[in-house]
Structure formats: C-alpha cells, structure tokens
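Below: one structure, written as structure tokens.
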Amino acid sequence: MEKPVLAIMAAGIGSRYGGLKQIDPVGANGELIIDYSIYDALAAGFRKIVFIIKHEIEEDFKEIIGNRMEKNAEIAYAFQELEQLPPGYRIPEGRVKPWGTTHALLAARETLTGPFAVINADDYYGPSAFKTIHNWLSTPKKNDDRHHFAMVGYRIENTVSDHGSVTRGICEADDRGFLVNVKERTMIEKAPVGARFSEDKGETWSDIPAGTLVSMNFWGLDEEFFPEAERDFTAFLNANLPVNPLKCEYLLPIEIDALLQNGRADVAVLESEDVWYGITYKEDKAGVEKAISEKHRQKLYPTPLWK
C-alpha cells in the first residue's frame, strides 16, 4: 500500500490576497497558516506534499513557501489552469474565475497515484485532524464495488467568522458514522447557538444547530476518485455553462454528494474537536494571530516553528 500524500490546493491564493507576496504571517516569526498545516501533516506521518497552484504564481510560491519546504518533505507541483477542459469545451468569453476545487484535484491527477488527503492552503485545521486522516488513509479498505473515502468534519460553531458570512458544506451522517449528504451553503453567519444560513441574500434565515458537522475541504481520497470526477465534470459543464458560464464552480462537496447519491462511494466521517482558523475577512487576522500565539505559549508548537 502506498504511503499517504498531502495535496494542498493553493491555485486561488494569489487572487484572494491580491498577489502572493501580500500573504500575511500569523506567527511571531513570520509563519503563514500553510506552515502550520504542513508542520501538523509531517508530525502525523505525511512525507510527500503536492502543491496545486497556477503557473502565474509559481515563482512567488516557490520563493515564499515551496523552496523552504524541500528540506522537510518531498515536494511536487501540479498546475490548475482555466484551459484544462474536456475535449470539445472552450473557456467562456470573459471567464477568469477558476473552475473550483474538484477541477483543482483533476489537475493533480498524475501526481496523486495512491491514497491522499486534500486541504485548502489558507485554512488552519489542527494537529488531531491530520493524525486522524493519516491513520484512516493508512488502513486497508474493503475490496468491493464502492469507493471508500473520508472527510474530517468540524462542528459548525468552530468554523464561523465573527466578521461576516462564510461558505460551508453542511453534512448529515448516519448512526454508523458515514456521510449521507453534504449541501454547500454560501451564506452562513454566526448565531447565538450554532449558526444560521440564508438562501435569499438575507431575507430569511434557517438555523444550524450547534454541533452540526461541516466540511472544511479536508478529504481523504485515492486515485479511484479521478475517473469519477472526470466523467462528472462533463455533466457539470453541460448543466452549468448555459446558465452561469462565468462563475459556476465544480466544488468537491458537489462531486462527493453526487457519488453518495448514486451509490458509487461511501464516505467515513472523521470528527475533529479542533477549532478551525482562517482569514476570510481582514478583521479575522487578529483572532488568528492570538490563537496561534497561545498555541506556541502552550508548547503545542516550537518557537520558531521551523528550526
């Protein structure tokens, strides 16, 4: 059995931060959020990291992140570009938005040939999540007619921002600990108990109880995912290009839910008690810095992070 690999989706990092050189450190010694994810992954047993980026940020990314990591792990790169489409499809005129997280993974298909975990570059997931997913990926799976995948689920109250709405995959699991469905919600806000979401730009709201599991794009997959995603990408384009050619995105929760509903996969839900941190809004940064500083004070991380 091949050893698990960590894939980090970072193709959108330049556009979100106005240029890669503008990424803000959150640690006292200049550490970025991605540094902590890589540190936790290595501590959990991952030894190879695949960065999924765009060619236009390659030089900056290697200078700021990639080159530093070569002394710690085996590093590989995959490149997500708009023109990576099935035969017969063209980029819609005026389209600049990436095709989404499932498309990002398809761009890394040649480098991910065994079990792998996938995360966002700009989310802090916590040490226990990496240990849990690494252990799951390292365990042989049943050889039957289903694909066997996993996700790390976080409690909704541990993933919302104090400063605005966020997008999350709301998950339902059965009593065996397997995912039943995942629904992407694009306008979730913090509430006195748990959170709430709106589907009509804030006209009406629905409660999300505390303890509800959400996806933070931390999945455990393997190479069997790619033929499914490639086939479904064509169906996605056929359904969405006519109605939303400039902004439709082929997101991982969409593909995972399709596999679930068609009975082609089961997804084990691996719960994490860790608190997620990320900088969705500039006002979030102070809270992230404070949380990271406290983790260093408690000796959960060495200071500086990399010796």
Side-chain angles (χ1 to χ4, degrees), residues 4-13 15-16 32-34 36-38 40-41 44 46 49-53 78 80 97-108 112 115-126 128-130 132-134 136-137 149-156 158-161 165-173 179 181-188 195 197 212-222 225-226 228-229 232-233 236 249-260 265 267-272 274-280 284 288:
V5 172
L6 178 65
I8 302 181
M9 297 183 292
I13 202 168
S15 59
R16 281 198 296 274
L32 312 175
I33 287 180
I34 195 172
Y36 292 93
S37 291
I38 294 171
D40 289 337
F46 290 93
I49 298 169
V50 175
F51 292 116
I52 306 171
I53 61 175
Q80 181 186 15
K97 191 177 185 65
W99 291 107
T101 47
T102 305
H103 182 259
L105 276 187
L106 284 172
L112 298 170
F116 64 91
V118 57
I119 63 170
N120 295 330
D122 48 4
D123 288 322
Y124 173 88
Y125 293 96
S128 67
F130 287 93
T132 300
I133 200 81
H134 186 275
W136 188 90
L137 290 168
F149 303 143
M151 63 157 277
V152 178
Y154 289 77
R155 300 181 186 279
I156 183 66
N158 289 340
T159 72
V160 287
S161 170
S165 64
V166 296
T167 297
R168 300 286 180 258
I170 305 298
C171 300
E172 179 185 352
L179 194 61
N181 59 57
V182 52
K183 302 298 182 185
E184 193 85 355
R185 303 297 186 191
T186 58
M187 191 174 182
I188 297 175
F197 74 91
T212 298
L213 292 179
V214 297
S215 161
M216 298 302 301
N217 261 349
F218 198 161
W219 302 95
L221 307 169
D222 61 29
F225 174 80
F226 295 114
E228 301 281 2
D232 291 345
F233 188 28
F236 173 84
E249 289 186 88
Y250 188 31
L251 303 174
L252 276 168
I254 292 174
E255 173 58 13
I256 295 294
D257 194 60
L259 295 176
L260 287 172
V267 179
V269 178
L270 313 175
E271 293 190 38
S272 173
D274 287 327
V275 176
W276 163 91
Y277 294 104
I279 304 177
T280 306
D284 292 327
V288 176

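Values below: all heavy atoms of this structure, side chains included; hydrogens, waters and symmetry mates excluded. Here, residue 1 is the first one in the sequence, and each next residue gets the next number.
- Between Arg155 and Glu271, at least one side-chain nitrogen of the basic residue sits less than 4.0 Å from a carboxylate oxygen of the acidic one, meeting the salt-bridge criterion.
- The two residues Val160 and Ala195 make their nearest non-hydrogen contact at CG1-CB, 4.1 Å.
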**Item:** Residues Asn217, Asp123; criterion side chain to side chain contact (heavy atoms under 4.5 Å, CB included); working and verdict
**Value:** CA-CA 9 Å; Asn217 261 349; Asp123 288 322; 5.7 Å; no
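- Applying the salt bridge (Lys or Arg N to Asp or Glu O under 4.0 Å) rule to Glu184 yields no partners; only residues at least two apart in sequence or on another chain are considered.
- If you take CG on Leu137 and CG on Leu221, they are separated by 8.0 Å, rounding to the nearest 0.5 Å.
- For the atom pair CG of Leu106 and CH2 of Trp99, the computed distance is 13.0 Å after rounding to the nearest 0.5 Å.
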**Prompt:** Given the rule in the side chain to side chain contact (heavy atoms under 4.5 Å, CB included) test, do Leu179 and Met151 qualify, once you have shown the distances and angles that lead to the verdict?
**Reply:** CA-CA 9 Å; Leu179 194 61; Met151 63 157 277; 4.0 Å; yes
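- Closest approach of Leu270 and Ala150 over heavy atoms only: CD1-CB, 4.0 Å.
- Put simply, the side chain of Asn158 never gets that close to the backbone of Tyr154: no donor and acceptor are under 3.5 Å apart.
- From Tyr125, atom OH reaches atom CG of Asp40 across 12.0 Å, with rounding to the nearest 0.5 Å.
- Between Ile254 and Asp232 the shortest side-chain heavy-atom distance does not fall below 4.5 Å.
- A pairwise comparison of heavy atoms in Ser161 and Asp284 identifies OG-OD1, 2.8 Å as the closest pair.
- Pairing each heavy atom of Gly100 with each of Leu251, the nearest pair is CA-CD2, 4.2 Å.
- Evaluated for a ring-ring contact (aromatic ring centres under 6.0 Å, His included) with Phe116, the options Phe218, Phe226, Trp219, Phe46 yield exactly one hit, Phe226.
- Taking the side chain as every heavy atom from C-beta outward, Ser37 and Phe130 approach each other to under 4.5 Å.
- Just one of Val50, Ile119, Asn120 meets the side chain to side chain contact (heavy atoms under 4.5 Å, CB included) condition when paired with Met9; it is Asn120.
- With sequence neighbours excluded, no residue forms a salt bridge (Lys or Arg N to Asp or Glu O under 4.0 Å) with Asp274.
- Expressed to the nearest 0.5 Å, how far CG of Leu252 lies from OG1 of Thr101 amounts to 3.5 Å.
- No side-chain donor-acceptor contact under 3.5 Å links Tyr250 to the backbone of Thr102.
- Heavy-atom minimum distance, Pro98 versus Glu249: O-CG, 3.8 Å.
- The shortest distance between side-chain heavy atoms of Leu112 and Val118 does not fall below 4.5 Å.
- The shortest distance between side-chain heavy atoms of Trp136 and Val152 does not fall below 4.5 Å.
- Atom CD1 of Ile52 sits about 7.5 Å away from atom CD of Gln80, to the nearest 0.5 Å.
- Under the 30°/60° scheme for interplanar angles, the aromatic rings of Phe225 and Phe149 are found to stand perpendicular.
- Under the 3.5 Å distance criterion, the side-chain polar atoms of Asp257 are left unmatched by any main-chain donor or acceptor of Asn181.
- Closest non-hydrogen pair, Cys171 versus Val182, comes out as SG-CG2, 3.9 Å.
- Between the OG1 atom of Thr159 and the CZ atom of Arg168 there is a distance of 4.5 Å, given to the nearest 0.5 Å.
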